[in-house]
Amino acid sequence: MKLFEFEAKDILRKYGVEVPPGVVVGKTDDVEARIKEAGLEPPLVVKSQVLVAGRGKAGGIKLVNSVEEAVETAKRLFETPIKGLKPSYILIEKAIPHDVELYAAIVIDRSERKPVVLASRYGGMDIEEIAREKPESIVRQYIDPFVGLKGYQARLIGKKIGLTGKALASFAMFLQALYRAFVEYDAELAESNPLALVGDKVIPLDARIIVDDNALFKHPELRTARVEESGEYTEWEVKARKLGLAFVELDGDIGVIGNGAGLTMTTMDLVYEFGGRPANFLDIGGGASAELVKTAVGFLMEMPKVKKIFMNIFGGITRCDEVAKGIVKAIEELGGLKKPLVVRLSGTNEEEGRRILREHGLEAYTDPIEAVKRVISL
Amino acid sequence: MKLFEFEAKDILRKYGVEVPPGVVVGKTDDVEARIKEAGLEPPLVVKSQVLVAGRGKAGGIKLVNSVEEAVETAKRLFETPIKGLKPSYILIEKAIPHDVELYAAIVIDRSERKPVVLASRYGGMDIEEIAREKPESIVRQYIDPFVGLKGYQARLIGKKIGLTGKALASFAMFLQALYRAFVEYDAELAESNPLALVGDKVIPLDARIIVDDNALFKHPELRTARVEESGEYTEWEVKARKLGLAFVELDGDIGVIGNGAGLTMTTMDLVYEFGGRPANFLDIGGGASAELVKTAVGFLMEMPKVKKIFMNIFGGITRCDEVAKGIVKAIEELGGLKKPLVVRLSGTNEEEGRRILREHGLEAYTDPIEAVKRVISL
Amino acid sequence: MAVLVGEDTRVIVQGITGREGSFHTKLMLEYGTKIVAGVTPGKGGQEVHGVPVYDTMEEAVAEHPEANTSIIFVPARFASDAVYEAIDAGMKVVVVITEHIPVHETMKFVNYAKSKGTVIIGPNCPGIITPGAAKVGIMPGHIFKPGPVGIVSRSGTLTYEIAYSLTRAGIGQSTAIGIGGDPIVGLTFTEAMEYFEKDPQTKVLVLIGEIGGDMEERAAKMIEEGRFTKPVVAFIAGRTAPPGKRMGHAGAIIMMGTGSYQDKVKALEKAGVRVARIPQEIPKLVEEVL
Amino acid sequence: MAVLVGEDTRVIVQGITGREGSFHTKLMLEYGTKIVAGVTPGKGGQEVHGVPVYDTMEEAVAEHPEANTSIIFVPARFASDAVYEAIDAGMKVVVVITEHIPVHETMKFVNYAKSKGTVIIGPNCPGIITPGAAKVGIMPGHIFKPGPVGIVSRSGTLTYEIAYSLTRAGIGQSTAIGIGGDPIVGLTFTEAMEYFEKDPQTKVLVLIGEIGGDMEERAAKMIEEGRFTKPVVAFIAGRTAPPGKRMGHAGAIIMMGTGSYQDKVKALEKAGVRVARIPQEIPKLVEEVL
């Protein structure tokens, strides 16, 4: 789960990092009063709190020179969709004059299976751009997850991106706070970009933290209505998340359900390969219950852009009989099949699954190629 | 630094352990009101909060059957010295009926250089007694300090002391809380004895935590006036601790100062060996400044039981010239030598040290045997 | 011969009394896997499908010192603890079926396992099967048959799909390993390939990848540098997945400019690997190099 | 020949610009120790007594790849960090002079060092000296001279006392190690004894113990079991210390029913070790077994 900029900054502040003074406003707030309450003096930066990349280029960040201008800009940004959705919050911060923009991030390195600190003298752009334009500027330091980021490592990284003296000490302290956030919030990513160098100290102008969804249970304070507010998901993706479905909306018309991300993606690939266009990705995962299958089928049946559904199941820990029961339940609850449904069943308890479907007038395919051809032809 | 029972229990409560309901009262408190406020119903246990071992046998723990009796008992305990000193606090707790008393502790094992969990089915006595009477009952589990105490290990320990089912689960959770206290408070020891088994759950009837003095800077909330309140130190030991001196009071009349615990203890041994009786142990440690030496000498000069002083210094990181300067300062501030002082100096900057002392009319010895014989003969 | 599990494998099932643990214990036994014990805290003394259950791994190993492999069906919140227990009990191979384990926890136990010389397969994986000898996982056994093709895969169900298509084409498998779909896994492609390289039974390797990460690129590099010398045929899932979207719980996601379908295919083809466009092409490609 | 440090020792001083670091760098140089670099964060580019200073160990080692030993004079709050830096920079021996390091921190870096094959001496110790070859510590150099007696000691100043009495009696030392007085130290008596056992120069070992802990008892056991075969002479400080009182910052304390003077002497004498009543008896006892 991606945290909002202001949430990430709150965490860093809690860990002793100096962040720009600011205030978060909602749509119904008296923005002028909130700015004055917070004692913020112009120039200010007004920042749309959305969770998509490229917010700056999309017009979501504005520098203003008066409180009135800030109020106006906030009003306008609330109505400005960034990549499709309007923000629920706006962060208004004191503008911090600075010369140098650094980059600092901590991510999990999949190959080394360790945290890796990434840092560069050339922040401001995204890491891909830095990697392309100044690849030699990216410093990497792998961290032993049991030992953690040591002070000496933080200083070494700072030194390698050209910092010295007090600026180096400030950067090292910032990195240790960022690492603490990374660990204590079970983060997949903790990043500041740009991390401004202001005289002798570093100040994060932006901050991003992505919390591992599997660890959210450890952080009940983070369970907010974020899904709707994030600007990260389409309307149907929001609905799906609330139902606990692993769902991504696409632009075609064939609803796709599979078990396992690999098979579901491959099912999409097959649909394309034989001339169709998938409307979505929907992975019922491993060991799905009849109830979850019913929810998934019902969900696609209700989604207008889905004209027909292709369900591709190869049972392992998932049992074909449970899947069949779920399909039957969905049909019964909907009072019959609303849209064409093509099912492919193989694997664990396959025969029992077929039998259940047959009893309800559905014939499951064995060969996915035949099945995909069939659904496209409908 | 030893924490009081009530402090240790507060920490365990913070980590989710159920401890007996109770209230801590001071000398000037309205004990009856405090008991009623806390909603405590008799029978109650009234416990003197002193930091010495064997409190129960010394009469510091009383079971009472009414609030009046509790009030009276508290009054009496405030006036009852336990091993020399009266308590500043009394803990009044609900009495917890129970059948079984367990033992659980976590200490640092010096040889393995790892934390070790100790547990026994036979709590209530001290660990030495358990070790003597039921050595086979003590379960030991070493812990990887980077990995920490795993749930499976906690269960394994519980199983080995004969617990099963819910009691085992409760014990395992308790151990994990105790381990957390051990780590987060930089403890040398975290212990509960007795740890009562009450139906399906464990409840610590007593709790002890000793915090590493070297880590106290991490726990500013623990810096209290405890030294005076603890009942752990004599009047002169309390004074010494406030001056930052590593000092232990003994029952002889020869004041002993050395540098390094080993040499200082050996100096005591030498005094005994040649027929004297040391009044104390006072270690000025490594690299002592003239200021610290002055404080140490001045301290013993003022202490009535000290009739003469033997200072045994072998310089390493400690410099003999600094020591000599400190002695001179002390003499100057006191307006002359109040008591006979015999000094032995060897090691780093020895010649310079001798020269300084000689200028002030003091001749330092080279041979500690000659020096100790001299001081005893005075 | 085979890879990591075989005739000598003796299995302890951790979480044996749970729904999945019990169900798959039955299927593994039916397949012929030698399961010597099960562990569920608090359930010691029971039996599951004739397998004795213990409270702790220590007790299970004391009674069954021949045990060398464990498979974990413990719920996510307790799964890491079970992994440490298995490692500390001396298991050589630990198969972690459980999904939704926090990635920081996985990162730690994988590093711990490495320091102790234990091989972790998974988490969030279907397990490992050496057809005809031992199935330590949740894959349907009947779709496999013994033969010369090694399979290493990031996707469970795709492994079944492809193994089944091989079996129907008359081509058997030496060992099939589903390494798991989480961002951090205990056994990577290249590590698995080191085992397959040494296995005389394996003549061809089928590599089943996904978008995201750089494990396929590293496999390609290993082949290019001559550290893996057997013919390799590959399939990569996610050709048509949109970048920047997380596909499924497991987190197949194209991030940080690496891990796109095109990059992976390019790297593999450069290393001489034939990449199938759809899984059903695999048997044909395998036949061509066998 | 000698133990752990000798002619090949090349030293980096961590915390070289501090008061103690700078003072003892001078004394070590005067003794003839080969100090190749110093490290103090933020002070890179300076020189201390002619020794070049770097900001980090990585830089120091890059410029002086022959460095194999470090000595740490860093204040307690930063000392652990310096230890990890030294280990990660590949030092074979790290001498930690600093006192007052929290014991949980020491416990961790000692375990970490072990996993990396680094020997930690200390913390809260005087260091190690091979007379005539290298002094990596804060002991007065002139009280030692080369010879056949190994010394291993829990007490700094007692080491000086006893070494000096040996030297005055005309008996030199192979190597003297002050292992430090903290509850947890990197090198224990028995570990040090393994090195002395293998060292041909060492003919006799002087073991200087203290009350508290069970290191002396373990040394006695090692001797009794024949794992240390050279003659041993011992002195134990604290014969007259009252039980249950902590003697000094370092924590010589008799706890948990172990570690009393009597226990230690009994264990050592049972193993055939001659225990001196006062330090000044040591030279005579050594002469008797030399």
Side-chain angles (χ1 to χ4, degrees), chain A residues 15-16 100 102 104 106 109 112-121 136-180 182-184 197 199-202, chain D residues 12-17 37-46 53-63 67 70 72-91 94 96 98 101-102 104-118 120:
Chain A
Y15 294 159
V100 181
L102 309 171
I106 303 165
D109 187 281
E112 293 291 325
R113 286 162 289 193
K114 285 180 178 167
V116 60
V117 179
L118 304 170
S120 172
R121 180 90 185 169
E136 73 296 344
S137 86
I138 300 178
V139 173
R140 270 163 227 269
Q141 172 82 47
Y142 293 100
I143 307 300
D144 180 328
F146 286 103
V147 175
L149 174 69
K150 291 285 145 193
Y152 93 81
Q153 294 171 317
R155 289 194 304 273
L156 202 57
I157 296 162
K159 200 141 195 232
K160 286 184 181 166
I161 63 166
L163 300 177
T164 56
K166 285 185 184 167
L168 174 58
S170 169
F171 176 80
M173 281 180 63
F174 171 79
L175 263 194
Q176 288 190 290
L178 193 68
Y179 191 82
R180 192 171 161 199
F182 173 77
V183 170
E184 294 190 4
L197 185 57
D200 266 353
K201 62 189 176 195
V202 298
Chain D
I12 299 179
V13 179
Q14 293 179 262
I16 194 171
T17 59
V39 168
T40 300
K43 302 284 169 86
Q46 302 184 3
V53 179
Y54 300 87
D55 283 330
T56 66
M57 283 294 284
E58 185 171 292
E59 291 163 294
V61 169
E63 292 295 320
S70 98
I72 293 179
F73 289 97
V74 171
R77 292 202 192 184
F78 309 105
S80 302
D81 196 58
V83 176
Y84 286 99
E85 186 171 10
I87 298 166
D88 291 345
M91 296 298 100
V94 177
V96 188
T98 311
I101 299 177
H104 280 246
E105 290 184 17
T106 302
M107 183 164 63
K108 285 188 154 188
F109 70 61
V110 166
N111 278 279
Y112 184 71
K114 198 168 287 190
S115 76
K116 301 284 177 179
T118 299
I120 303 276

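All values derive from a computational prediction rather than experimental measurement.
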- prompt: So which of A:Gln153, A:Lys160, A:Lys166 has the biggest tally of heavy-atom pairs under 4.5 Å with chain D?
  reply: A:Lys160
query: Which of these passes side chain to side chain contact (heavy atoms under 4.5 Å, CB included) with D:Thr106: D:Ile120, D:Ile101, D:Asn111?
result: D:Ile101
- line: In short, D:Asp81 meets A:Tyr152 closest at the heavy-atom pair OD2-N, 2.8 Å
Max heavy-atom pair count under 4.5 Å with chain D, selected residue of A:Val147, A:Leu156, A:Thr164: A:Leu156
For D:Phe109 against D:Ile87, the heavy-atom pair lying closest together: O-CD1, 4.0 Å
message: In this structure, is the centre-to-centre distance between the rings of D:Tyr84 and D:Tyr112 below 6.0 Å?
response: yes
task: Would you mind checking which part of A:Lys150 comes under 4.5 Å of any heavy atom in chain D, side chain (CB onward), backbone (N, CA, C, O), both or neither?
output: both
